[in-house]
There are 2 protein chains.
Amino acid sequence: MVKATPKRAWGEAIQNRDEQFELKRQVVLRTAARTYSRRGFYETTLVDIAEELNVSKPTLYYYFKNKDEILFECHRLAIEAVTNHDTPMPSAEEATARVRLEEFLRRYVRMVVDDFGTCLVMTGANALEPENRGEVIRGRRQIDTMLREILEQGLADGTLDCPDVKVSSMFVFGAMNWIPRWYHADGAMSLDELTDRLIAFVMRAVAPPRA
Amino acid sequence: MVKATPKRAWGEAIQNRDEQFELKRQVVLRTAARTYSRRGFYETTLVDIAEELNVSKPTLYYYFKNKDEILFECHRLAIEAVTNHDTPMPSAEEATARVRLEEFLRRYVRMVVDDFGTCLVMTGANALEPENRGEVIRGRRQIDTMLREILEQGLADGTLDCPDVKVSSMFVFGAMNWIPRWYHADGAMSLDELTDRLIAFVMRAVAPPRA
DNA sequence: CCACTTTTCGACCCATGGGTAAGTTTGTCA
DNA sequence: TGACAAACTTACCCATGGGTCGAAAAGTGG
């Protein structure tokens, strides 16, 4: 007779200790991000997260300084997924604004649908302590700038057109940031379909008059 | 020597008691909505709200059952501002989908920029107790339906066109619900300008191929 | 199998903040 | 001006949940 609950370890021990530590940290973060997203940051207690990992609350403190740091790391990872992508965005010299915009939207949607991205968008940055908040805001601003820059390029190279770059970019971010509130990956629509629809929608909104 | 703090009553006594009561209730709600919006529901304590009104915490309990009820009333008022507007929306027989869409967007933006609307959009409905949550969700769904119905009419009468009504409506709501996070009425752009920009943006996104 | 480190946990502390009880002030109306 | 209700306050209760402490497991290397 084997053990009823096979202990279902939360980080299989194959690596050495440092790797193991880092791995478990990641698992905590993913779980926290998912829970924060679903229930909200303040509705989520550390015990909730701990239980989901079959672990006690103090264990979390072995991996993180406090609740805020966990949230902060989630935000950081989400932002990095866009700003420090494996393959860098094509530069303005390499591609038209239209092409670059499509690529940007694709990346951003992918981010926003992921646990960390959803967490970033659902939980306001005001939950963070001032110091960390600064970094997150800086990161978001950086992403903002990416889109604005593309729209401006579009104005110049004629592949895009919109009356007001700042405002238009905000509308686009709004449309995307709202996705986690209604889209569920297990539903009828696949992520690719969603992305295509978003791209089509945005492209029409910022397309030049006759193209 | 007059009193330094002239007591700055929070509901000037001119009406009779019932009116006075109702008036103060409204003042509490507005203040709460503003604070919830700015700081977030969980970051706002009842003492915060009370202090802003130069009143003690228990006074709030004289006007409301509890913290949730205050939030709920804010949400209710916001939703009603759209569903029970003074002048009803023109029906599908009275106007083209295009015209109706513009009117709808105008109303929704106006709502979302208001204290209650901002509160509705910024604080998730998950903060509410199950019972009230139901009513809020029902209200939001009703508003959802309004927009979807218009988009469908547009498909029929040819004044609008989009590949997927459900998804497109979500993008539009996203763009609008995100407004409170970046738009500030005291900034460079007036509310009317903002509304015009939004309408222009959406119209292009859901315009028929050649119009 | 023994020291020594890493990882985990049970038990506790305590500030915060929603909510209440009971009394005091304020207004109203005979 | 006295009785009665409305409006408001001070002082308190107490569950919740973030965070800590010290000790016990569990793994590691000699």
Side-chain angles (χ1 to χ4, degrees), chain A residues 3 5-28 31-32 35-36 39-74 123 127-129 132, chain B residues 3 5-28 31-32 35-36 39-74 123 127-129 132:
Chain A
K3 279 276 271 280
T5 24
K7 193 56 188 148
R8 189 158 287 298
W10 59 300
E12 305 305 325
I14 304 191
Q15 292 82 1
N16 67 46
R17 279 185 156 160
D18 287 6
E19 287 170 2
Q20 190 76 175
F21 182 87
E22 206 48 50
L23 184 73
K24 292 194 180 178
R25 240 181 97 98
Q26 292 301 318
V27 175
V28 173
T31 307
T35 316
Y36 286 163
R39 260 178 280 191
F41 181 69
Y42 287 98
E43 294 95 324
T44 302
T45 72
L46 289 176
V47 174
D48 289 336
I49 299 173
E51 275 179 352
E52 207 134 346
L53 294 164
N54 296 315
V55 151
S56 71
K57 177 171 64 169
T59 298
L60 300 180
Y61 281 91
Y62 181 69
Y63 292 95
F64 296 94
K65 202 169 106 261
N66 54 32
K67 195 185 179 188
D68 275 335
E69 194 190 35
I70 297 179
L71 179 62
F72 172 61
E73 288 293 314
C74 291
T123 74
L128 295 164
E129 11 187 56
N132 291 339
Chain B
K3 278 278 269 285
T5 23
K7 194 55 188 151
R8 189 159 289 295
W10 59 300
E12 305 304 326
I14 304 191
Q15 292 83 359
N16 68 45
R17 279 190 157 158
D18 287 7
E19 289 170 0
Q20 190 75 180
F21 182 87
E22 206 47 51
L23 184 74
K24 292 194 181 180
R25 241 182 95 97
Q26 292 300 318
V27 176
V28 173
T31 306
T35 316
Y36 287 163
R39 259 177 282 190
F41 181 69
Y42 288 98
E43 294 94 324
T44 303
T45 72
L46 290 176
V47 174
D48 289 336
I49 300 175
E51 275 180 352
E52 208 135 344
L53 294 163
N54 297 315
V55 153
S56 71
K57 177 172 65 171
T59 299
L60 300 180
Y61 282 89
Y62 181 69
Y63 292 94
F64 295 93
K65 204 169 104 262
N66 54 32
K67 195 184 177 189
D68 275 334
E69 194 190 34
I70 298 179
L71 180 62
F72 172 62
E73 288 293 314
C74 291
T123 74
L128 296 164
E129 10 187 58
N132 290 340

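Protein chains get the first letters and strands the later ones, always in sequence-line order, with residue 1 at the start of each.
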B/S/- along nucleotides 17-30 of chain D (protein heavy atoms under 4.0 Å) is SBBB------SS--

In whole angstrom, give the distance that lies between atom [atom1] of [X] and atom [atom2] of [N].
X: B:Glu69; N: C:dG19; atom1: CD; atom2: P; value: 11 Å
X: B:Phe64; N: D:dA7; atom1: CZ; atom2: P; value: 14 Å
X: A:Asp18; N: C:dT6; atom1: CG; atom2: P; value: 9 Å
X: A:Gln20; N: C:dT8; atom1: CD; atom2: C1'; value: 14 Å
X: A:Lys24; N: C:dT8; atom1: NZ; atom2: C1'; value: 9 Å
X: B:Leu53; N: D:dA7; atom1: CG; atom2: C1'; value: 14 Å

Out of C:dT7, C:dT8, D:dA7, whichever nucleotide has its closest atom nearest the side chain of B:Phe21: D:dA7

Report for the helix from C:dC1-D:dG30 to C:dA30-D:dT1: angle between first-end and last-end helix axes, five pairs each, rounded to 10 degrees. 10°

Distance check: side-chain N/O of B:Tyr62 vs OP1/OP2 of D:dA7, anything under 4.0 Å? yes

Any A:Ser56 side-chain N or O less than 4.0 Å from OP1/OP2 of C:dC9: yes

If you look at every strand shown and take non-hydrogen atoms under 4.0 Å, does B:Tyr63 touch a base, only sugar-phosphate, or nothing? sugar-phosphate

